[in-house]
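Nothing here was measured: the structure is a model prediction, and the numbers come from that model.
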Amino acid sequence: MADAALKRIESFQYPAAHLGHLTENQQAALESFKNLCQDEGYYKPAQVGGRPEPSHDDETMLRYLRARRFNPTDAFAQFKDTEEWRKENNLVEWYDTIDVKEYDDTRRLYPQWTGRRDRRGIPVYVFEVAHLNAKNMSAYDKSIANGATVSHKVSPKMLRLFALYENLTRFVMPLCSAITDRTHPETPISQSNNIVDISKVGIKQFWNLKGHMQDASTLATAHYPETLDRIFIIGAPSFFPTVWGWVKRWFDPITVSKIFILSHADMKPTLEKYIDPANIPKKYGGELDFEFGMMPILEPAIENALKWDHPTIQGGSRTIPTGPIKWEESADGTVTAVAVGTENKAPRRSVVAALAHPVSIKAMHGSLVTSNTPIAEDELALTTAGTATQPPDSAIPENAEEPAGEEEPPSASETLPIRENKALEDRAGTSSTRYEQQSMTHAHGQLAEGTPAVNDHGFGDKTVTMEPSTVGQAPKDVSVPPAEEPAAPGYLEQAKGAVGSAAAVVTSAAGNAAGVVGGVLPVGGKGSEETKAEEVKEKTEEEKEQDRRVDAAKPEIVEGFLRSNP
């Protein structure tokens, strides 16, 4: 493949590959995707069946296409699954009727919108993981048991969590899209940024939460694809480099590449590169008086864009009330934010505010965009990879002992220091879904009888060959210690076991959701018959030359190339 062919692959970083900035091939893929969805009865264009607008706006459709590398068939598989999931759980009706207290109980535990945006107009969320402690989660579980929310398909805990995703896609993103002080006001906002504070989180708490966070991550990736721009992790405890190798397996590789793990010294300069100091909470080096649990402190541009009717007053300033909120457009073209849900078993319906400027629902979702313009490469300069800030991979110590207390981390000998932030390299691209696991490695499928395979080299010398789960990683031979009497497992040993089960859960759930087979084989698992039949092939000279050209290309070009050549 020529270098020119590599350069034709566009970055997926906002606003490239978003509405109004599509290549000819991407625009053609969008039309093909919509036609396929229409033929199968999952999409209705405007004016069909008396509808004034299409059943789904183009930017929503593009989220599924970006997640599936603009492959219409693969995007349809995911879109179809999501549509059926939403119908089974009555997501639209349920969001309009969820108990407001149930909603607020959930909001106080999970990522919260600060009311601010980053330098490109993308909303900024904050998440303090320490609040997901045993006490708060126990109280939350009791409130769920006594609540009115019921689902036969998804647990009430998960369903409540998805009310927050509905709020993101149905209220926050359209509101940010309506603010026209952005470089590209024609392109809707369809993603969010997250500051994740993991200070005061003990190793036990990490693993007590792993099942819940794995489930939440899997379902969110399946049904709300491409809603994440980047994650900034701050306050990493001393043991975090040890558990990072486990934690990152909860996410797909491209999501991992968007995670920035910031030391205290790097926190302020890195956040300010992406977010204006006025929109960064003070505790993270900014100027905003925002504390976790508060309602959004709306930035001036947002507050001035609203004509208030029934606001909530917080600290002497107007803000939105808690509970579900959605946008509606009246016959005269007025667009209003309406607070819905249920209070004291009675439906709530209150107009919170109207948009002060005449912006239609269609404009907020980009439905009026009819042309595409290219994005200059220098505009993507802010696109960087978080991998430079991540701790190096480290093996879990074989002789690690259980921490003495819930908040006590492993000893210094069991951890590695967080690597100082290097100069950030240019990067392009946003999240892919977990459906396409990293199956196409050069070692994929080599273990015909499954993993691990014990290799006996004689004289008591045994190794276990484990198939890798990342691109370009060779299979590893790990020495097998002599058999010993089993002891009660400690927390780190339990965590090691959880890694295999986590991979299995993620692969199974993602595969079922997408209707495709994930390629990663969990440790101890066995592949499908199709996988077993695969054989490792020696690379041709043409493939080797292609590798050399990829190595020499710019990062944003390489990512586009990899997306188009899975």
Ignoring hydrogens and angles, tell me if any N or O in the side chain of [X] forms a donor-acceptor pair with the backbone of [Y] under 3.5 Å.
X    : Y    : result
N90  : W94  : no
T114 : I297 : no
E166 : V92  : no
N136 : H131 : yes
T387 : S257 : no
S138 : A134 : no
N193 : R230 : yes
Q314 : T319 : no
R182 : S177 : yes

Checklist entry - Given E53 and H365, is the side chain to side chain donor-acceptor pair (under 3.5 Å) satisfied, shown in steps? => result CA-CA 11 Å; E53 300 172 5; H365 289 279; over 6 Å; no
Residue pair [X] / [Y], side-chain heavy-atom distance below 4.5 Å:
X    : Y    : result
I198 : P237 : yes
F127 : F292 : yes
L62  : H18  : no
Y43  : M61  : yes
I195 : V124 : yes
P45  : K34  : no
F70  : L30  : no
K345 : D99  : no

Just how far is it from atom [atom1] of [X] to atom [atom2] of [Y], taken to the nearest 0.5 Å?
X    : Y    : atom1 : atom2 : result
L298 : R117 : CG    : CZ    : 10.5 Å
M173 : L168 : CE    : CG    : 3.5 Å
L19  : Y14  : CG    : OH    : 10.0 Å
D309 : S350 : CG    : OG    : 7.0 Å
T106 : I144 : OG1   : CD1   : 6.5 Å
R120 : Q191 : CZ    : CD    : 7.5 Å

Checklist entry - Is the shortest distance from a Lys or Arg side-chain nitrogen in R107 or D104 to a carboxylate oxygen in the other one below 4.0 Å? => result yes
Checklist entry - Does the separation of the ring centres of F239 and F206 fall below 6.0 angstrom? => result yes
Item to check | Sub-6.0 Å ring centroid separation between Y165 and F162 | outcome: yes
Checklist outcome for this item: salt bridge (Lys or Arg N to Asp or Glu O under 4.0 Å) with D141: of K157, K135, R160, only one passes, and it is K157
Next on the checklist: Please determine whether ring-ring contact (aromatic ring centres under 6.0 Å, His included) holds for the pair F33 and F79, giving the CA-CA distance in whole Å, both sets of side-chain angles, and the decisive distance to 0.1 Å.
Outcome noted: CA-CA 10 Å; F33 176 41; F79 183 76; 5.7 Å; yes
Item to check | Audit row: T342, E102, side chain to side chain contact (heavy atoms under 4.5 Å, CB included) steps and yes/no | outcome: CA-CA 10 Å; T342 302; E102 288 186 20; over 6 Å; no
Next on the checklist: Counting neighbours of CG on D39 that are heavy atoms of other residues, nucleotides or ligands and sit closer than 6.0 Å, is the number greater than 12?
Outcome noted: yes
Item to check | Donor + acceptor pair across side chains of E59, S190 (<3.5 Å) | outcome: yes
Next on the checklist: Could you check whether S55 and Y42, counting side-chain N and O atoms only, form a donor-acceptor pair closer than 3.5 Å?
Outcome noted: no
Of all heavy-atom pairs between [X] and [Y], which one has the smallest distance, and what is that distance?
X    : Y    : result
Q112 : G293 : OE1-N, 2.6 Å
V338 : E328 : CG2-OE1, 3.7 Å
P324 : R348 : O-NH2, 3.2 Å
N167 : I325 : ND2-N, 3.9 Å
G121 : C176 : O-CB, 3.7 Å
A222 : Q78  : O-NE2, 3.1 Å

Next on the checklist: Please enumerate all residues that pass side-chain contact (heavy atoms from CB on, under 4.5 Å) together with D96, with sequence neighbours excluded.
Outcome noted: R170, K326, V340
Item to check | Pair D197-K283, side chain to side chain contact (heavy atoms under 4.5 Å, CB included): steps then yes or no | outcome: CA-CA 10 Å; D197 186 348; K283 66 188 304 181; 4.3 Å; yes
Next on the checklist: Students often mix this up, so state it plainly: with edges at 30° and 60°, are the rings of Y224 and W85 parallel, tilted or perpendicular?
Outcome noted: perpendicular
Item to check | Aromatic ring pairing W244/F240, orientation class (parallel under 30°, perpendicular over 60°, tilted between) | outcome: tilted
Next on the checklist: Set out, in order, the CA-CA distance, both residues' side-chain angles and the distance that settles side chain to side chain contact (heavy atoms under 4.5 Å, CB included) for Q390 and I259, then state yes or no.
Outcome noted: CA-CA 8 Å; Q390 296 173 6; I259 297 177; 4.0 Å; yes
Next on the checklist: Before you tell me yes or no, could you show the steps for W113 and L175 under side chain to side chain contact (heavy atoms under 4.5 Å, CB included), namely the whole-Å CA-CA distance, both residues' side-chain angles and the distance that decides it to 0.1 Å?
Outcome noted: CA-CA 12 Å; W113 183 39; L175 173 57; 3.8 Å; yes
Checklist entry - Are K87 and E83 close enough, and set up right, to give a salt bridge (Lys or Arg N to Asp or Glu O under 4.0 Å), and what steps lead you there? => result CA-CA 6 Å; K87 183 178 180 180; E83 288 298 290; over 6 Å; no
Checklist outcome for this item: With T336 as partner, the option from L355, V352, V351 fulfilling side-chain contact (heavy atoms from CB on, under 4.5 Å) is V351
